[in-house]
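Numbers here are sequence positions counted from 1. Excluded from the calculations below are hydrogen atoms, water molecules and symmetry mates; all remaining heavy atoms, backbone and side chain alike, are included. Everything numeric here is computed off the predicted structure, so don't read it as measured data.
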Amino acid sequence: LMFQRVCFLNLRKNGVPVAENFRLEQSTIADTVQAGQVRVKTLYLSVDPYMRCRMNEDTGSDYLQPWQLSEVADGGGIGVVEESKHDNLAKGDFVTSFTWPWQTVAILDGSLLQKLVPQLVNGRLSYFLGAAGITGLTALLGIREKGHVTAGANQTMVVSGAAGACGSLAGQIGRLEGCSRVVGIAGTDEKCSILVQEMGFDAAINYKKEDVAKQLRELCPGGVDVYFDNVGGDISDTVISQMNQNSHIILCGQISQYNKDVPYPPPLPPDIEKIQKERNITRERFLVLNYMDKQEASVLQLCQWIQEGKLKVRETVVEGLANIGAAFQSMMNGGNIGKQIVSVSK
């Protein structure tokens, strides 16, 4: 038997998650690998806002299962194969899965793993959990499937939660896909300046300090054509009230609502719903998992943009499985710019 560390969901509670929601334990793992299985060493784990729903007894969605108390948590992960009894995987291969257990070593069904090519992301393996993974896919496919961006149409895009993992990519992709103006909304001056200086946004609004409605009127004089919505709540109501006729909302996330027990997507206030209907603004639920037939081509597009330097990537890497709860807390409090990753190998 081999020893390893595993991370469990320790307790459920309402409100913003804290480190104590998780607990780390030593446990043993069988040293025999069965036919079709591989033993992997975990390198990186992804920490994402949607996981907040998995801490509840009911996730509120049919495609996400809640984490069970005192069972190993799971999510996006990357590792290296240490031993293989699967025909398509060899020792030394880098692999990924959406359902990677939060443990240092694991024996997994090889057919559930995807092989990774590090050269596609200039050797930055963790990018496969972010910009070249589900986060990047959410931004790219959200814009392509729900944003109706047309190059040369002089469209203005607004992104809320713009400094987050998905938002920081969405603004850049909106520009690459043909938007002529991109404005971000974030919560600190530092985030706003990085969006403009590093990520090519035309402007950014600090919603904690500035009058968002007034700033939007100044920065988007022709109104808003595409809104990439990561937050919901009051900010979204403000943006929607300045959207144009036949414009489009890409409903990516509603982080302002995740710590509350409300349906997804949350209903709009009556006056905002009236604007939405009168102006024929589309606001349809977007679920990236429904577009997995486009995954391969889309990932290659994202990798190409990364290699060409057209897509700037920010990640916050926290060392050690023991710190995954704290990483989660920091992300849900909006403390990071870009993607939150936990490096497990150390």
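Salt bridge absent: Asp31 and Arg39 never bring a charged side-chain N and a carboxylate O closer than 4.0 Å. Salt-bridge check for Asp202 with Arg175: passed, with a basic side-chain N closer than 4.0 Å to an acidic carboxylate O. Ion pairing between a basic and an acidic side chain is recognised when a charged N comes within 4.0 Å of a carboxylate O; Glu82 and Lys91 show no such pairing.
No side-chain donor-acceptor contact under 3.5 Å links Asp225 and Ser247. Side-chain contact check for Ser126 and Glu315: at least one donor-acceptor pair (N or O, by modelled atom type) lies under 3.5 Å. Asn336 and Gln340 share a side-chain donor-acceptor pair at under 3.5 Å. Ser236 and Tyr227 form a side-chain donor-acceptor contact under 3.5 Å, judged by distance and modelled atom types alone.
Residues in residues 290-300 take part in these side chain to side chain donor-acceptor pair (under 3.5 Å) pairs, two or more places apart or across chains: Glu145-Lys294.
At least one side-chain heavy atom of Gln329 sits less than 4.5 Å from a side-chain heavy atom of Asn333. Side chains of Thr104 and Leu321 form a contact here, defined as non-hydrogen atoms less than 4.5 Å apart. In this structure, the side chains of Met332 and Pro17 come closer than 4.5 Å at one or more pairs of heavy atoms. Looking at heavy atoms from C-beta onward, Val40 lies in side-chain contact with Val95 at the 4.5 angstrom threshold.
A donor-acceptor pair under 3.5 Å links the side-chain atoms of Asn21 to the main chain of Leu11, judged by distance alone. Listed for the Lys115 side chain is a donor-acceptor partner under 3.5 Å among the backbone atoms of Asn88. Formation of a donor-acceptor pair under 3.5 Å by the Gln155 side chain with backbone atoms of Val226 is not found in this model. Between the Asn323 side chain and the Glu319 main chain, a donor and an acceptor come within less than 3.5 Å of each other. Under a 3.5 Å cut-off, the side chain of Lys339 and the backbone N or O of Leu129 do form a donor-acceptor pair. The backbone N or O of Glu20 sits less than 3.5 Å from a side-chain atom of Asn10, completing a donor-acceptor pair. Not a single donor-acceptor pair under 3.5 Å links the side chain of Gln172 to the backbone N or O of Gly200. In terms of modelled atom types and a separation under 3.5 Å, the side chain of Asp109 and the main chain of Ser111 share a donor-acceptor contact. When atom types are taken as modelled, the side chain of Ser343 and the backbone of Val318 share no donor-acceptor pair closer than 3.5 angstrom. Put simply, the side chain of Arg12 gets close to the backbone of Met55: a donor and an acceptor are under 3.5 Å apart.
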Using the salt bridge (Lys or Arg N to Asp or Glu O under 4.0 Å) rule, take Lys146 and Glu284 through it: C-alpha gap first, then chi angles, then the decisive distance, then the call.
CA-CA 8 Å; Lys146 300 291 185 186; Glu284 301 154 345; 2.9 Å; yes

Walk me through it: do Asp93 and Leu116 pass the test side-chain contact (heavy atoms from CB on, under 4.5 Å)?
CA-CA 8 Å; Asp93 282 349; Leu116 299 174; over 6 Å; no

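Across Leu113, Ile78, Leu112, Asp74, a single residue satisfies side-chain contact (heavy atoms from CB on, under 4.5 Å) together with Trp100, and that is Leu113.
For Trp67 and Phe8, the distance between ring centers is not under 6.0 angstrom. Taking the six-membered ring where the residue is Trp, the centroids of Phe128 and Phe94 are separated by 6.0 Å or more.
Listed here is the closest heavy atom pair of Cys166 and Thr138: SG-CG2, 3.9 Å.
Cluster membership for Val18 and Val47, using ILVMFWY side-chain heavy atoms within less than 4.5 angstrom, is not shared.
Interatomic distance, Leu176 CG to Glu308 CD, rounded to the nearest 0.5 Å: 9.0 Å.
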